[in-house]
Amino acid sequence: MLRSAAPHTVIVKDKKFTVSVPASRIRQEVSRIADELNRDYAGRTPLFLAVLNGSFVFAADLLRLVSVPCQVSFVKLGSYEGLESGGEVRQLIGLGESVEGRDVVVVEDIVDTGLTMSRLLESLRAMKPASLSVCTLLLKPDKLLSDIDIRYCALRIPDNFVVGYGLDYDGFGRNYADIYSIIKE
Ligand code: 5GP
């Protein structure tokens, strides 16, 4: 399904993408974020909550550079038809650890409008963590609607659909080492 069309261009299913953030730049920025976390969480024992599926590559690279004692848990945002709103409600699943009194860091692949993150933070806040911060690989500042404090952000990107480094298009493209941006035709 994945075919290479040119060195910096890939076709994922029916769409063409071009490299927008090479792996070397991602490495640099992930390392910068890890330095910030090591500085800010010195003397504490944070609980990192990596949101699957998209954050698996980012979390693996980032957490190997985190040197403070920490725990890591993987959570997922399930969905069901909510009765109250009539729309789709995302619920947190897979959280094994107690969050109460912990310094929690949510690790995400991308914050777009921020609505998903906003709801996730709301659920986590109800569990009474000692502190709660957001660490995202990517942020699209032009799309952000929610007023969320994004304490750690590796890369700010324009409002284009991206794949690679864990992010997918219809399940494909997560395996690329670079981040690719869609070519609008
Ligand atoms: P938000 O609630 O911030 O608008 O959306 C967040 C979710 O939308 C992300 O967790 C991700 O699943 C998806 N998303 C938003 N933008 C992109 C993108 O450019 N590429 C991919 N692969 N997913 C995206």
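In what follows, every heavy atom counts, from backbone to side chain, and hydrogens, waters and symmetry copies are set aside. Indexing begins at 1, ligand by ligand and atom by atom, following the structure's order. The structure presented is a predicted model; accordingly, all values stated were derived computationally and were not measured.
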Apply side-chain contact (heavy atoms from CB on, under 4.5 Å) to F48 and C135, showing your working.
-> CA-CA 9 Å; F48 289 93; C135 176; 6.0 Å; no
Polar contact flag, side-chain donor to acceptor under 3.5 angstrom, S55-D109 = no
Report the distance from atom OG of S133 to atom CG of D40, rounding to the nearest 0.5 Å.
-> 8.0 Å
Output the distance between atom CG (L155) and atom CZ (R25), rounded to the nearest 0.5 Å.
-> 5.0 Å
Heavy-atom cut-off of under 4.0 Å around ligand 1: list whichever protein residues fall inside it, by chain and number.
-> E108, D109, I110, V111, D112, T113, G114, L115, T116, K140, N160, F161, V162, L167, D168
Sidechain-backbone polar pair: R32 side chain, A154 backbone, donor-acceptor under 3.5 Å = yes
For D14, does the CG atom have more than 12 heavy-atom neighbours from other residues, nucleotides or ligands under 6.0 Å away?
-> yes
